[in-house]
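Reviewing the structure listed below.
Lettering follows sequence order; numbering is per chain, from 1. Side chains are part of it too, since the values below use all heavy atoms of this structure and drop only hydrogens, waters and symmetry mates. Since the model is a prediction, treat every value here as computed from it, not as a measurement.
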2 protein chains.
Amino acid sequence: MVDRRSGVPAFRQVAADLRNKITTGRLSAGEQLPSERDLVDQYGVSRPTVRDAVNVLRSEGLVTSEHGRGVFVRPPANVQRLARSRLSRSAREENRGAFLADAAAHGFTPSTSVKVSFEAADDRVAGYLAIETGAEVTVRDRVLRADGLVVQLAVSRLRREFTRGTAIEQVDTGPGGTYARLEEAGHRLASFTEHVGARMPTPDEASLLQLAEGVPVVTVTRVAYREDGVPVETNDMVLAADRYQLSYEWAAD
Amino acid sequence: MVDRRSGVPAFRQVAADLRNKITTGRLSAGEQLPSERDLVDQYGVSRPTVRDAVNVLRSEGLVTSEHGRGVFVRPPANVQRLARSRLSRSAREENRGAFLADAAAHGFTPSTSVKVSFEAADDRVAGYLAIETGAEVTVRDRVLRADGLVVQLAVSRLRREFTRGTAIEQVDTGPGGTYARLEEAGHRLASFTEHVGARMPTPDEASLLQLAEGVPVVTVTRVAYREDGVPVETNDMVLAADRYQLSYEWAAD
DNA sequence: GAGTGGTCTAGACCACAAT
DNA sequence: TTGTGGTCTAGACCACTCC
């Protein structure tokens, strides 16, 4: 039962009580919550109020509801670690990129769809690539799948002048991928920078990545630099935050 | 007006239409949406339905509502970059840690609250510190503020045997902070690893960090290693995803 | 005081899952 | 067929902001 004099909205009281039961384990992972009609009786509120409470928990990522079945406590995410700062030349030369290496290591079947196009750089891209806004860039838009499930979206952009006449402008870049073709063209890569953030997904991303409610995406913008410091590629990646963690390591000195 | 035969729920149609107006700029950043009663008339649906639509946009982080004023398009986040992989010894020796360096660089007034305690390591912490579950660890629980506003939560854990008799067990660790005291005690730091993820905040985190609806937190778990590979500290940090981006850089070889 | 969002009710009907 | 969540309505009253 809710306390009507406390000033705290009824749906928040219900949400807090259910959240408490989840975090203390009185409702354990995978377990079904009482039905909405039961909660109506238990707390003495109307069904819309119960639904508001459950919505709070859904957008916190604590529960998922399944139409016709019930509302369930979300099991803790099964998080996979991606070692990022090991994107070294030797590792790159052995395969077509980090994704295929992961596939080999974790035993899933990788597949990708690629769209290649050309566009004018907007301010953000121009800033990363140190070119003028409006300059032509080659865009490789990739959807990465593991065992058929979409696990990552990646949009790579390069100065058009660096890709003309190379396989980078083809759907299949060949062994070693984009970076190998860049180095063959004389753009020896010297360093990488990654900018990591997070936000809620767009509806498109949510459906592509099959995200549950209350699951953010991790965004990674990688920039690859040549030895003379000229940026040659920027890659915007989007990953499901409940499936991936990114790991970086470096020396103390 | 919504299409009642399309099969798409009315509140999703309204949400999609408003989202469209926002992303195409017909409703620009900071601009006020029509009032809920106006939207009721425009779309021919009831107010609860309009509210459901607005709720969708709120949990996507696209709009914020202000009681008594209206619903507004959220301006693009003002994202600050934190250079992570530059946590080198020389940088550390010049100040009390990365946070104070940022304060100096960006001109805000830093302040922190610290609680020191001791606890038994759970499985996760024991794994990071390579100790047995239940072993005693020193816990430094910090709230970091910039100009009085909470910007980061950080919980640092160290094997108790490494902190006994040092200022690490005091609220004020002195110049150079925890890492300086560790090195004085003979634990020369050799490398760092950071594991980066994201999730929706707990209600506590949301109120401490003053997060708007639909804003995730970025979680960073840093582990500091000694030259012999023994982990000496693990630090769990929580940051507002709409205010911070983490930057890592490394050489290609 | 007028307009805004915030909360809440008591229903109704639909869509889906399991039996 | 029964029970579940999903959608939707027509209202009511409250709390806050601004004039």
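- What separates CG of B:Asp52 from P of C:dG6 is a distance of 13 Å, to the nearest Å.
- For the pair A:Ser28 (side chain) and A:Glu31 (backbone), a donor-acceptor distance under 3.5 Å is absent.
- For B:Ser46, no side-chain nitrogen or oxygen approaches OP1 or OP2 of D:dG11 to under 4.0 Å.
- Side-chain atoms of A:Arg51 lie closest to D:dT7 of the nucleotides D:dT9, D:dT7, C:dT9.
- A salt bridge is absent between A:Asp52 and B:Arg51: the closest approach of a Lys/Arg side-chain nitrogen to an acidic carboxylate oxygen does not fall below 4.0 angstrom.
- Distance CG (A:Asn55) to P (D:dC8): 14 Å, rounded to an integer number of Å.
- A:Glu119 contributes no side-chain N or O that, together with a main-chain N or O of A:Arg157, makes up a donor-acceptor pair within less than 3.5 Å.
- Judged by distance alone, the side chains of A:Gln13 and A:Ser6 do bring a donor and an acceptor atom under 3.5 Å apart.
- Checked against B:Ser156 for a side-chain hydrogen bond (donor to acceptor under 3.5 Å, both in side chains), the options B:Arg142, B:Arg222, B:Glu233 give a single hit: B:Glu233.
- Within the nucleic acid shown, B:Val54 has no heavy atom closer than 4.0 Å to any nucleic acid atom.
- The shortest distance between the side-chain N/O atoms of A:Thr49 and the OP1/OP2 oxygens of C:dT7 is not below 4.0 Å.
- The nearest whole Å value for the distance from the CD atom in A:Gln13 to the P atom in C:dT7 is 12 Å.
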What N/O pairs connect the protein and nucleotides 13-19 of chain D at under 3.5 Å? Give each pair on its own line.
residue: D:dA15; atom: N3; partner: B:His67; partner atom: NE2; Å: 2.8
residue: D:dT17; atom: O4'; partner: B:Gly68; partner atom: O; Å: 3.4
residue: D:dC18; atom: OP1; partner: B:Arg69; partner atom: NH1; Å: 3.4

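- One can place CD of A:Glu36 at 14 Å from P of C:dT9, the figure rounded to the nearest angstrom.
- Nearest-nucleotide positions on DNA chain C place B:Glu66 closer to the 5' end than the other of B:Glu66 and A:Phe11.
- Atom C1' of nucleotide C:dG3 and atom CG of B:Leu33 are separated by 16 Å, given to the nearest angstrom.
- At distances below 3.5 Å, not a single donor-acceptor pair connects side-chain atoms of B:Arg199 with backbone N or O atoms of A:Gly214.
- Between the P atom of C:dA17 and the CD atom of A:Gln32 lies a distance of 14 Å, rounded to the nearest Å.
- Using a 4.0 Å heavy-atom cutoff across all strands shown, B:Pro9 reaches sugar-phosphate atoms only and no base atom.
- Candidate nucleotides D:dG5, C:dT9, C:dG5 were compared by shortest atom distance to the side chain of B:Ser35, and C:dG5 ranks first.
- A donor-acceptor pair is defined here as one N or O able to donate and one able to accept, closer than 3.5 Å; no such pair exists between the side chain of B:Arg140 and the backbone of B:Ser117.
- Atom-to-atom, CG of B:Asp38 to C1' of C:dG3 comes out at 10 Å; the value is rounded to the nearest Å.
- As a whole-Å value, the separation of A:Leu39 CG from D:dG3 P is 16 Å.
- Relative to the side chain of B:Arg58, the nucleotides C:dG6, D:dT9, D:dG5 differ in distance, and C:dG6 lies closest.
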